[in-house]
Structures are given as structure tokens and as C-alpha cells.
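Lettering of chains follows the sequences in order, A, B, ..., and the numbering in each one begins at 1.
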Protein chains: 2
Amino acid sequence: MADPLYRQIAQDLQRKIEATELAPGDKLPNEMMFREIYGASRNTIRDAIKWLTNRGLVETKPGQGTFVVRRITPLVTTLSADPSTGMAGGEGKAAFEEINRQRERVRQAKANQEDVSGEGIPEGVPRASTPRVEVQFAARYVAERLRLLESSEVVSRHQAFFLGRDPWSLQTTFYPMMLVERGAEELRRAKDIEEGVVGYLEKALGLKQCGYRVRMLVRPPNEVESRFFGLPDDARTPVVSLIRTAYTDTPGFTGAEIGPYPFRVTFTALPADRNQFVMNSGISPEEPAAPARDQ
Amino acid sequence: MADPLYRQIAQDLQRKIEATELAPGDKLPNEMMFREIYGASRNTIRDAIKWLTNRGLVETKPGQGTFVVRRITPLVTTLSADPSTGMAGGEGKAAFEEINRQRERVRQAKANQEDVSGEGIPEGVPRASTPRVEVQFAARYVAERLRLLESSEVVSRHQAFFLGRDPWSLQTTFYPMMLVERGAEELRRAKDIEEGVVGYLEKALGLKQCGYRVRMLVRPPNEVESRFFGLPDDARTPVVSLIRTAYTDTPGFTGAEIGPYPFRVTFTALPADRNQFVMNSGISPEEPAAPARDQ
DNA sequence: GCAAATTTGTTCGTATGTATT
DNA sequence: CAATACATACGAACAAATTTG
């Protein structure tokens with residue numbers, strides 16, 4: 001009939017949290033106190049707290065207590081509409097172009113004494129790890145994107161991105177080995193391609209990027225991601241996965257089929273609880289998008 | 001030192017699932033059998049299964065058992081690059097234009113005996129509920145997007161979308177009351193605006209959409225969403241929230257500031273486990289994007 | 001259509017381990 | 001080191017959902 005006891009308790013606490021009777025950061029009573037407050041056993045109390053934890057309302061710290069979670073101000077990333085650049089595809093400087101543009105804008109506005117909120121713009125200095133470069137056989141999910149046979153050779157370039165000391169994203173880009181064979185030797189070096197890969201491939205091979213396609217999906221983190229992002233080890237915080245396929249229509253690089261042909265695919269993972277994404281179309285405001293709420 | 005017992009058990013099962021020793025849809029042994037297999041108590045077995053459940057690897061059904069989850073083929077939605085249309089903003093026919101275009105393409109390809117996968121294209125017939133129309137005071141998150149004072153009046157139009165019998169999305173659009181006062185009376189009627197709102201507002205008021213901005217964020221479902229989408233009642237399946245702000249630069253509709261001014265904001269929620277999103281930029285393949293995997 | 005069997009869900013109790021202050 | 005607080009693990013009983021006979 002009625003909800004089970006643990007859920008009634010959880011819902012009572014949820015109400016208190018949403019009414020800010022319990023404010024973000026507040027410590028909840030400990031489990032023994034709750035046992036008296038609600039007249040339930042410790043296990044039932046723990047079930048209630050687990051229910052709240054799954055919903056991201058509270059977090060527990062061994063030896064300390066249970067706390068109402070603080071709202072994170074999400075970082076806003078623009079998925080650029082400019083085919084020659086854009087986040088989630090670049091390396092080195094290119095990857096942070098968007099963030100740097102936003103920071104510069106805020107800096108200037110503040111210098112002009114304008115009233116500008118830097119919300120959603122990161123504090124820390126953007127930084128990328130040295131790329132880890134490998135030659136691999138293409139896994140199925142890579143081969144599908146690059147229209148290669150499974151187990152064709154590909155170059156994989158993996159990087160971690162940080163904002164200050166905080167982990168921000170994990171990114172792996174795959175190129176057909178064919179590009180290296182035709183002379184794009186830099187792709188195989190474990191060194192940032194500072195000028196950006198798009199520029200490099202055009203200079204080295206005459207290969208022009210004509211467009212790209214970004215896919216976005218949400219899934220539970222894998223173990224590597226959980227560790228890198230410091231996510232709670234239940235898998236409650238999902239990651240957003242961006243799959244960015246770059247296309248060329250330069251003759252000689254396209255396959256048998258007519259039309260744009262993929263020459264690069266990048267997989268980027270970011271924690272879903274601290275990131276928002278923006279796309280602009282047509283004429284939209286100049287200023288970067290601030291974090292939005294939807295309820 | 002070592003992982004706790006329940007996690008060792010969970011990880012053993014995870015390995016079996018990922019090695020497809022346990023295939024999607026398979027029923028796992030019941031809790032009593034597991035108790036013998038692993039020599040652990042029932043509660044510990046249950047903790048292990050809960051760990052797998054949180055990761056979306058298995059699901060439990062009371063009275064039936066525990067099953068390896070079947071992979072859902074996600075539905076792919078293109079966030080159009082065409083400022084005059086695009087998903088997540090339309091009503092009635094307009095909202096399904098993208099899906100219908102895809103279905104038509106597959107139908108024609110099959111008629112030509114081409115080898116085309118309809119993956120990611122929904123089976124069911126797209127359908128929208130009658131809009132629920134209300135005049136409200138703008139909540140903060142609405143006022144922020146429309147650059148209104150909090151508690152200005154807005155028209156809210158709420159719809160549920162279905163594919164066949166399956167719930168697909170929940171959507172609410174807000175318009176400043178000012179638009180109705182200037183003559184856009186249809187906005188207040190509980191009836192699909194078949195021609196599309198963009199077209200209607202241009203005809204009725206001369207207001208032209210010059211662009212839009214789509215924000216995307218991921219969060220746990222609220223209770224309404226959980227019920228509507230039939231999500232598991234732990235909050236493990238997140239929803240993707242699309243916030244689409246439409247801008248005009250038609251003189252007379254813009255605020256004091258120069259530049260594009262928002263006249264409409266739409267909030268759309270979709271379950272994250274069965275949807276993918278695609279954006280195209282520059283020249284990308286003609287054919288609609290098929291669902292992608294990233295690992 | 002109902003009763004029995006099966007299976008997971010809830011709730012209690014208790015003991016011990018581990019992290020933090 | 002001691003105290004505090006959450007984490008893990010065991011056992012047991014009854015409830016609720018579902019399938020089977």
C-alpha cells in the first residue's frame with residue numbers, strides 16, 4: 001500500500017533538502033541519531049540514505065558523515081559551428097581555444113568595468129597531457145566510423161585534459177594508418193601538433209576538412225574514467241561521450257563512394273554532472289552561454 | 001587490502017557478462033544458488049547484484065529473477081543546423097520532420113533494393129499529445145532565458161511525444177505574454193500550430209527567427225519524467241535536457257540591448273539510455289547518422 | 001480462477017572493519 | 001590512541017510480485 005519505510009524516510013529528507021531546511025553542505029544527523037528520529041533500524045536508515053545518494057542529493061564520507069551535496073556550477077562547452085575548428089577535436093592549443101576565448105572576453109569586460117558573470121568559465125589554467133600515441137588494429141567501433149575494415153591499422157592519439165588541477169576530459173583520436181603512409185609523419189609522434197591537426201594535414205598532404213559530424217551519447221563511466229574523474233564508485237554519475245568524425249572531400253582521399261569521406265574520429269568523455277554543451281545556429285548572442293537550469 | 005567480497009563477486013559477474021558467457025537477456029542464477037556458488041550470504045549477493053544494477057549491466061524483476069540487460073538501439077536525433085526548423089522546438093508535424101525525413105529515406109532506399117540499415121530510426125508512428133496551454137508567471141529558469149523579470153507572465157505550451165506506444169519526450173515551450181498581446185492569439189489555444197510556430201509568428205507579427213541556441217545538460221529524472229518514461233525507480237537512468245532558445249532581430253521585438261533577442265524557450269527531456277544526438281557542420285554525409293558506439 | 005512454488009524486496013538484529021578527526 | 005561515523009558481512013523472517021500447475 002504505502003511506500004516502504006526506507007523510501008518514506010528518504011522522501012521526507014528529500015523534501016527537507018528541496019525546501020532548504022537542509023542546505024547544501026549541511027551535515028545530516030548520523031545513522032544512530034536517525035535511528036531514534038525515525039524509529040527504524042540502522043539498515044533501514046542506510047537504505048534511505050542510499051536512495052538519496054543514487055539521486056545525487058547527498059553524499060556520504062566514511063568517518064565524517066552524510067552531507068547535502070553542493071550544486072556544481074557546470075562548465076559550458078560550445079560545440080563550434082565553424083567547421084575549421086571547434087572543441088573535442090583539437091589538440092594542444094586548439095582544444096582550449098574556446099575556453100580561452102571566453103576567458104579573454106570576461107577579462108576584457110571586467111577591465112571595462114562591465115558587469116559580467118564568469119559563471120561556467122573555468123578558473124584553472126587549461127592543460128593537456130602529452131599525447132600517448134599508438135598504432136593499433138581498429139576496434140569495431142572505430143572501424144565503423146572511419147569506414148575501414150575491422151583490424152585495419154590506425155594511429156591512436158590519447159590525451160587527458162585538465163583545468164588547473166581538476167580533470168576535465170579524456171580524449172582519443174584515431175587516424176587511418178594510410179595518412180601516415182602518405183607522409184603525415186607527425187601523427188605518429190608523441191608530441192602536440194601545435195598548429196592543429198586540420199592545418200597540419202592540409203600542409204602535409206593537401207587534405208582539406210570539409211565538415212564534421214558530432215554525435216553525443218550518455219553512458220555509465222568505465223573504470224578508467226571513474227578513476228580519472230574521481231567519480232563516486234557506484235556508477236551514478238554518467239559521462240557524456242562526444243564522437244566527432246571529420247570528413248574530407250579532397251580527391252584521392254575519398255573511398256569508392258561519392259561524397260565526404262571520414263579521415264579522423266575523436267572520442268571524448270566528460271563527466272555529465274559538471275558539463276553543459278551549447279550549439280549555436282544562425283545569429284545568436286555574441287556573449288558565451290552561461291550555465292542554464294531547466295527546473 | 002583486496003576489494004570487498006560483494007565487489008569481487010560483482011566483478012566476476014561483470015567479466016562473465018562482458019565475455020558474453022552470460023548473454024543479453026540471460027537469466028542469472030537466483031540468489032540462493034549464488035549463495036552456494038560464491039559461499040556468501042544472501043545480503044552480500046544482493047549487494048553485488050545492486051552494484052551491477054547501478055552500472056546498467058543487469059536488471060532485477062521481482063518474482064522472476066535477475067537478467068542481463070539487452071542493449072537498446074538508441075534513437076538518433078539530429079539537432080538541425082537549419083535555423084528555420086530543427087527538432088526540439090517544433091510542434092505538431094514540425095517536431096517530427098526530422099524523423100519522417102529519415103523514414104522516407106529508408107523507405108526509398110529499400111524500394112531501390114539498396115542495402116540500408118534502418119537502425120536508429122523508430123518503428124512506431126510519431127505522435128504528439130494535445131498541447132496543454134497555460135498562462136503562468138515565469139519561474140526563474142524561464143525568466144533567465146527570455147530576459148524577463150521573474151514573475152512576468154508567459155504562455156506555457158506542454159506536450160508529450162510518442163513513437164508508436166513508446167513515450168519519447170516531454171516538452172514545454174514558453175513565450176513572453178507580450179507576443180499574445182501583440183496579436184499572436186494562436187499561442188494561447190490548446191491546438192497544434194500545424195504550420196510551425198516560426199511560420200505562424202512571422203505571419204501574425206512579422207517576427208522573424210534569426211537563430212537559436214541549444215543547450216544540453218544531463219541530470220537525474222524528476223518524478224514526472226520517471227513515471228512518463230517508465231524509468232527504473234532508482235534514479236539510475238538520467239535524462240538529457242535540451243534547452244532551445246530562439247532569437248529574433250526584428251526591430252520592435254528586441255530589448256534595450258543591441259543584437260538578437262530571445263522570444264521563445266523550449267525545454268525538452270529525453271531518457272539518456274535510448275537517445276543519441278547528432279550535429280552536422282560543414283559538408284557531412286547525406287545519409288542520416290546511424291547509432292554509434294564508443295567502446 | 002485459485003493455490004502453490006519461486007524469486008526478489010523489505011526490515012529487523014548483530015558483529016566487525018576502515019577511514020577520519 | 002581513542003572516539004566517531006560510515007562500510008561490509010552475516011543471519012533470519014516476512015512481504016510482494018510473478019509464474020506454474
Side-chain angles (χ1 to χ4, degrees), chain A residues 1-14 17 22 25-69 226-227 230-236, chain B residues 1-14 17 22 25-69 226-227 230-236:
Chain A
M1 183 89 344
D3 275 347
L5 182 52
Y6 79 91
R7 212 146 14 173
Q8 291 179 39
I9 296 172
Q11 277 160 1
D12 181 59
L13 288 170
Q14 181 180 21
I17 290 170
L22 291 164
D26 277 6
K27 182 175 178 309
L28 268 57
N30 69 35
E31 293 172 349
M32 284 311 180
M33 269 148 92
F34 269 138
R35 225 182 48 171
E36 287 173 23
I37 295 173
Y38 289 109
S41 78
R42 187 175 161 226
N43 282 332
T44 301
I45 298 296
R46 283 178 59 74
D47 283 346
I49 290 176
K50 191 166 293 174
W51 192 88
L52 293 169
T53 303
N54 279 334
R55 259 145 257 261
L57 293 170
V58 304
E59 58 190 342
T60 60
K61 297 179 192 174
Q64 297 183 58
T66 303
F67 302 84
V68 180
V69 296
S226 271
R227 215 181 9 255
L231 302 178
D233 73 13
D234 53 8
R236 118 182 66 94
Chain B
M1 182 95 339
D3 274 348
L5 182 53
Y6 79 91
R7 208 136 34 169
Q8 291 179 39
I9 296 172
Q11 278 160 0
D12 182 58
L13 288 169
Q14 181 181 22
I17 290 169
L22 291 164
D26 276 6
K27 183 174 176 307
L28 267 58
N30 68 38
E31 292 171 352
M32 284 310 179
M33 268 150 92
F34 269 139
R35 223 183 47 171
E36 288 174 20
I37 295 172
Y38 289 108
S41 78
R42 187 179 163 220
N43 282 332
T44 301
I45 297 296
R46 284 177 60 73
D47 282 347
I49 290 175
K50 192 167 290 171
W51 192 88
L52 293 168
T53 303
N54 279 335
R55 262 146 254 265
L57 293 170
V58 303
E59 58 191 342
T60 59
K61 298 180 191 171
Q64 298 185 57
T66 303
F67 302 84
V68 181
V69 296
S226 270
R227 215 177 13 251
L231 302 178
D233 72 13
D234 52 9
R236 119 181 65 94

**Student:** With sequence neighbours excluded, what pairs up with A/Arg227 under the salt bridge (Lys or Arg N to Asp or Glu O under 4.0 Å) test?
**Tutor:** none
**Student:** Send over the distance from A/Leu5 CG to D/dC14 C1', rounded to a whole Å.
**Tutor:** 15 Å
**Student:** In whole angstrom, what separates A/Asn30's CG from C/dA19's C1'?
**Tutor:** 15 Å
**Student:** For the pair made of CE in B/Met32 and P in D/dC10, what is the distance, rounded to whole Å?
**Tutor:** 14 Å
**Student:** To the closest 0.5 Å, what do you measure between CG (B/Asn30) and CZ (B/Arg35)?
**Tutor:** 10.0 Å
**Student:** With sequence neighbours left out, what residues match B/Asp26 under salt bridge (Lys or Arg N to Asp or Glu O under 4.0 Å)?
**Tutor:** none
**Student:** Going by number, which of residues 59-68 of chain B have a non-hydrogen atom under 4.0 Å from DNA chain D?
**Tutor:** B/Pro62, B/Gly63, B/Gln64
**Student:** State, with a plain yes or no, whether a side-chain heavy atom of B/Ile17 is found less than 4.5 Å away from one of B/Val58.
**Tutor:** yes
**Student:** List in chain and number order the residues that pass side-chain hydrogen bond (donor to acceptor under 3.5 Å, both in side chains) with A/Thr44, two or more places apart in sequence or in another chain; answer none if no residue qualifies.
**Tutor:** A/Ser41
**Student:** So which pairs with a foot in residues 38-65 of chain A pass ring-ring contact (aromatic ring centres under 6.0 Å, His included), sequence neighbours left out?
**Tutor:** A/Phe34-A/Tyr38
**Student:** Heavy atoms from C-beta onward define the side chain here; which of D/dA7, C/dT11, D/dT8 lies closest to that of A/Glu31?
**Tutor:** D/dA7
**Student:** Check DNA chain C against residues 33-55 of chain B and give the residues with a non-hydrogen atom under 4.0 Å, in numerical order.
**Tutor:** B/Arg42, B/Arg46
**Student:** State the CD1-CG distance between B/Ile45 and B/Leu5, to the nearest 0.5 angstrom.
**Tutor:** 7.5 Å
**Student:** Between B/Gln14 and B/Leu52, is any pair of side-chain heavy atoms under 4.5 Å apart?
**Tutor:** yes
